[in-house]
Structures are given as C-alpha cells and as structure tokens.
*Asks:* 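What follows is a single structure, and I will ask about it in a moment.
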Amino acid sequence: MNWAGYNEALIVDKQMTLSIADEKRVADLLETIKKKSADFLGYPVAKDFNFSRLQDFLHYPMNNLGDPFSESTWKVDSRLFEQEVITFMADLFRAPKDNFWGYVTNGGSEGNLYGLYLARELYPRGIVYFSKETHYSVSKNIHLLNMRHIMIQTLKNGEIDYEDLKETIRINRDKPAVIFANIGTTMTEAKDDIKKIRQILDDLVITDFYIHSDAALAGGIAPFLDPRPPFDFTDGADSISVSGHKSFGSPIPCGVVIAKKNNVSRIARSISYIGSLDTTITGSRNGLTPLFLWYTIKKLGKEGLKDRINKALILADYTLTQLKGRGIAAWKNPGALTIVFPKAPEAVQEKWQLATADGQSHIIVMPHVNREQIDLFITDLVQSDL
Ligand SMILES: *Cc1c(COP(=O)(O)O)cnc(C)c1O
C-alpha cells in the first residue's frame, strides 16, 4: 500500500467537501475583500506584493518554533531564511555587527513587548517614559510587565516634548530610565529624536538606561531618508521593532525585532534553569511570514526598497501640495508618508477608511498608492466640504 498516496487522497477529499452555500460564502468574502482593499488610504499597510511563487508552502505546517538561531529537532521551518531577514534588518538599523539578535514576530506590538521585556529584565526598578502619542498597545504591555511608567507631553507635530522628558527624568534621577521612543507615531508619523534623548540622559548623568525604538511603520522608511533621522542602534537604540505588513507588505501580519545579543543572552540565561533556551515571546512561530519578508528583501534589495520609498515620498509631497492648493490646512512631518488634515466628513472617512482622532484625519501614501487614487480622494474631500 502506498501510504503517502493514501494520505494525499484523504486531504484532497476533505478539501472538496465544502457545501455550495459555503463555497458561495468564501467567494463573497473574496469579493468584499477586493473591494474594501481597493480604496483604503487611512492605514499604513503596503499592498504592492505578490507571493504566489510561495503558495506551495501552504501545504505544509511551517513553524519556526523557538529561537531562530538555534538548532531544533523540528525541521519543517524557514529558520535559515529568517536568519537572513534578521541580518538584513540589523544592517538596515546599523546594529553592532557581532552583537545583534532578533526574530520575526507577529507584528510591531510583539516586538515592542519584547523590547520592554528586555528592559525590565535589565532594570527591574526602571521607569518607562513614553509620549502620549504612543500606540495604544503599549500601555497594555507595560501593564502586563508590571513596569512603572510616566507619560510625557508631545510637541504639536506629535514628537515627544524633550523639555517635559528632561524635567520628568530629573525628578526620578535615582531610577533607571527606560525610554520608549516613537519612530513614526500612529497619527502624524512623528519621529522622536534618539540623539536628543541620549543628550538628555548624558546631561542628567543617568548611567542606567535603555532605549527602545518603536519603528512599526517608519522602520522601513527612515533608513532610506536623507537626512537620516536618528532612530537606530548607532544613534543609541538598544532594540528596534518594525512591522512587516506595514512598509514592507505581507498578507499575514508580521514584524521583526532586533536587539543586542548580550542583553538577550541575559534573558536566555535567566530562564535556562528551567532547562530551556526560550528566547522568543511565543513558542510556535509563523514559518511563512519570514519567507514573505525574505522574498521582498531578495526581490527588491536595499536599492529597490529605497526607490520604492522615494516614489511614495514624491507622491506624498504631491498630495500635500494639492490639498494646500485647495485651501485645506494639510501638513506632514519631514520624511513622512502620512498627511494630516482637519477631520474629514463622515462619508469620506467611511469610503477611504480614514483614521480620525482629536479633530484630525490622515491619509498614508503607501508605496502601492497611485496618483489617480489621490486625485479621486481629493475630489471627494473637496466636494464634501462645499
Ligand atoms: C502599527 C503600530 C504599532 C503596532 O504594530 P502591529 O504591527 O500592528 O502590531 C505600534 N506602534 C506604532 C507606532 C504603530 O504604527
């Protein structure tokens, strides 16, 4: 008996058993998704990808269980590809060449949780400082980790208020400082300046500190900007989290976290007494998303990624000029793909899936967005204003 053939027949058979009604539901969902993804402008996810070359991997239980750099008895994985993704990102973020570690996460939030977890293990008495424009998931993570924290004011553009940060740290000089920096805030894509933050810590003679960069969106943009904003390891970060489905593009949410290897091995050691080198937040990990990221990196390379971002930046400038030309009080931060303007009418928010908060709406000119879309959107916005 050919057991392999027998199993395959069973699998195929199972897949054929959807009822006609269920077949229709799947087809309907696909149509809805096509329509809904055609004209969203409000969320920072790229759509210019095609991973059909990788579709055969859907037949296998891909799982990058545990640490991407350690051997495992489980072999149905894409660990070697994941290692290349980590090395590429570490280089993009100018991590120390012989002292980095990382893994492909389920998204930016998990990478942020990881950075804070490392910080807490290094400085259990530390206080986390983060601005009030910080992503909503962060206060939950700080709560999970049971860390002390203080929220800092922001400047008008969404960047952290350096004066407020300095005064607040000064009052708590006897405690280690954990800085959670935003490299592209959710609403205005404002980037906190890591160099200025380092200067503040130096001025106050704080020696125990940790800086995490939340570069969920801008981690795939900032490395290509000129001037390059201070956000990475060389500028003073100890860990960086970036989303994979935002600026890079992926059909499944994912992300990458990069940290300093010597800090990670302290965590690994602290857990080794239970007999495990458990370095990642979850046990089972997605084996497909590292492949998607690898594919994008290999296909585009650094130069291709840079070109793609430059084109998006040019279109973002065009959008800003057009909006201002129509008398709309639009603005954007330097090097940002996010354009902010006074709250759009409900119908426009609904149609273009615009995020709106504090009387402001935004659109994000991701790499797949084209000029026709922008022109249509502006026509909608202007007409609804009349
Ligand atoms: C999107 C975003 C996050 C969360 O990232 P996910 O990939 O959705 O988990 C965190 N911080 C900022 C600034 C973001 O824009």
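As the structure lists them, so they are numbered: ligands from 1, and atoms in each ligand from 1.
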*Asks:* Only one of Glu110, Arg285, Arg79 forms a side chain to side chain donor-acceptor pair (under 3.5 Å) with Tyr103, so which one is it?
*Replies:*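 Answer to the side chain to side chain donor-acceptor pair (under 3.5 Å) test with Tyr103 among Glu110, Arg285, Arg79: Glu110.
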*Asks:* Report yes if some N/O of Lys246 lies less than 3.5 Å from some N/O of ligand 1; otherwise report no.
*Replies:*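 Looking only at distances, the answer is yes, because the N/O contact criterion of under 3.5 Å is met.
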*Asks:* Would you say Asp214 has any N or O atom under 3.5 Å from an N or O of ligand 1, going by distance alone?
*Replies:* yes
*Asks:* Just to confirm my output: which protein heavy-atom neighbour is closest to atom 8 (O) of ligand 1, and how far is it?
*Replies:*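 Here the nearest protein heavy atom works out to His245 NE2, 3.9 Å.
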*Asks:* Pull out every atom of ligand 1 sitting under 4.0 Å from any heavy atom of Ser109, numbered as shown with elements.
*Replies:*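 Counting from 1, the qualifying ligand atoms are 4 (C), 5 (O), 6 (P), 9 (O).
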*Asks:* Which of the numbered atoms in ligand 1 are under 4.0 angstrom from any heavy atom belonging to Gly184?
*Replies:*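 Counting from 1, the qualifying ligand atoms are 13 (C).
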*Asks:* So, Asn172 side chain and Lys175 main chain: donor-acceptor pair closer than 3.5 Å or not?
*Replies:* no
*Asks:* Tell me if the aromatic rings of Tyr295 and Phe51 count as close, with their centers under 6.0 Å from one another.
*Replies:* yes
*Asks:* Could you check whether Tyr114 and Trp101 have their ring centres less than 6.0 Å apart?
*Replies:* yes
*Asks:* Indicate the ring-plane relationship of Trp352 and Phe377, choosing parallel, tilted or perpendicular according to the 30° and 60° boundaries.
*Replies:* perpendicular
*Asks:* For Asn112, counting its heavy atoms only, list the atoms of ligand 1 lying under 4.0 Å from any of them.
*Replies:*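 By the 4.0 Å cutoff, the relevant atoms are 10 (C).
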*Asks:* Assess whether salt bridge (charged side-chain N to carboxylate O under 4.0 Å, His left out) is satisfied between Lys351 and Asp380, documenting all intermediate values.
*Replies:* CA-CA 10 Å; Lys351 173 171 175 194; Asp380 265 6; 3.1 Å; yes
*Asks:* Under 4.0 Å from a heavy atom of Gly108: which atoms of ligand 1 are those, numbered in the order shown and with their elements?
*Replies:*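 Those atoms are 5 (O), 6 (P), 7 (O), 9 (O).
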*Asks:* Has ligand 1 got any nitrogen or oxygen that is less than 3.5 angstrom from a nitrogen or oxygen of Ser243?
*Replies:*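 So ligand 1 has an N or O lying under 3.5 Å from an N or O of Ser243.
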